[in-house]
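The block underneath contains the structure these notes are about, expressed in structure tokens.
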Amino acid sequence: QVQLVESGGGLVQAGGSLRLSCAASGRTSSNVAMGWFRQAPGKEREFVAAISGSGSSTSYTDSVKGRFTISRDNAKNMLYLQMNNLRPEDTAVYLCAQRYGSGLYSYSSASTVSNWNDWGQGTQVTVSS
């Protein structure tokens, strides 16, 4: 398993912004898709966003569309999540993930936790009212 390390979480007020980063061990190639999930206390892990190996395709859960933007820099082995207009319900531990294969396929495929191969430990995002 490769190592994925998230950073950039913190405490912000509602309406604020944060930019999360995920550094991958080894080279982040165009042959792997990457994504972000989140998990709040007492809740199941929830899909947030995913990006294809080349960065040409993205997928988002409905609740973050228009507010969050996923991006990647393969030359730097980095994945990012720009989060704007944050809401208290966005509060969770955010985890980055990687799966072998560059394509995102369907939303159902991308959003299924068991379809992802490698996970980071997560970074806490707290949004206050």
Rounded to the nearest 0.5 Å, what's the gap from [atom1] on [X] to [atom2] on [Y]? Could you check?
X	Y	atom1	atom2	answer
W36	I51	CH2	CD1	11.5 Å
M78	S71	CE	OG	9.5 Å
E89	S63	CD	OG	8.5 Å

- request: Carefully, step by step, assess Y60 and T69 under the rule side-chain contact (heavy atoms from CB on, under 4.5 Å).
  value: CA-CA 9 Å; Y60 299 91; T69 302; 3.9 Å; yes

Heavy-atom pair of closest approach, residues [X] and [Y]:
X	Y	value
N117	Y100	OD1-N, 2.8 Å
V127	R87	CB-O, 3.3 Å
A40	A92	N-CB, 3.9 Å
C96	L4	SG-CB, 3.6 Å
Q82	S17	NE2-CB, 4.0 Å

task: Report the C-alpha separation of S52 and L104 in whole Å, then their side-chain angles, then the decisive distance to 0.1 Å, and conclude whether the side-chain contact (heavy atoms from CB on, under 4.5 Å) test is met.
output: CA-CA 6 Å; S52 63; L104 294 183; 4.1 Å; yes

- request: Flag this pair as yes if the NZ/CZ of R45 is under 6.0 angstrom from the six-membered ring centre of W116 and inside a 45 degree cone about the axis; otherwise no.
  value: no

- prompt: For Q121, does the CD atom sit with more than 12 other heavy atoms under 6.0 Å from it, leaving out its own atoms?
  reply: no

Taking the side chain as every heavy atom from C-beta outward, state whether [X] and [Y] have any pair of such atoms under 4.5 Å apart.
X	Y	value
E6	L20	no
D62	Y107	no
Q124	T91	yes

Ignoring hydrogens and geometry, is there a side-chain-to-backbone donor-acceptor pair from [X] to [Y] under 3.5 Å?
X	Y	result
S102	G53	no
R72	K76	no
N85	R67	no
D90	A14	no

- request: Mind running side chain to side chain donor-acceptor pair (under 3.5 Å) on T61 and R38 for me, showing each step along the way?
  value: CA-CA 11 Å; T61 191; R38 64 189 181 188; over 6 Å; no

message: According to a hydrophobic-cluster definition based on side-chain heavy atoms being under 4.5 Å apart (Ile, Leu, Val, Met, Phe, Trp, Tyr only), do L95 and V5 belong together?
response: no

query: Are V125 and L11 connected in the hydrophobic side-chain network, where two residues link if heavy atoms are under 4.5 Å apart?
result: no

task: Using the ring pair (Phe, Tyr, Trp, His ring centres under 6.0 Å) rule, collect all pairs that involve residues 64-97, keeping only residues at least two apart or in two chains.
output: none

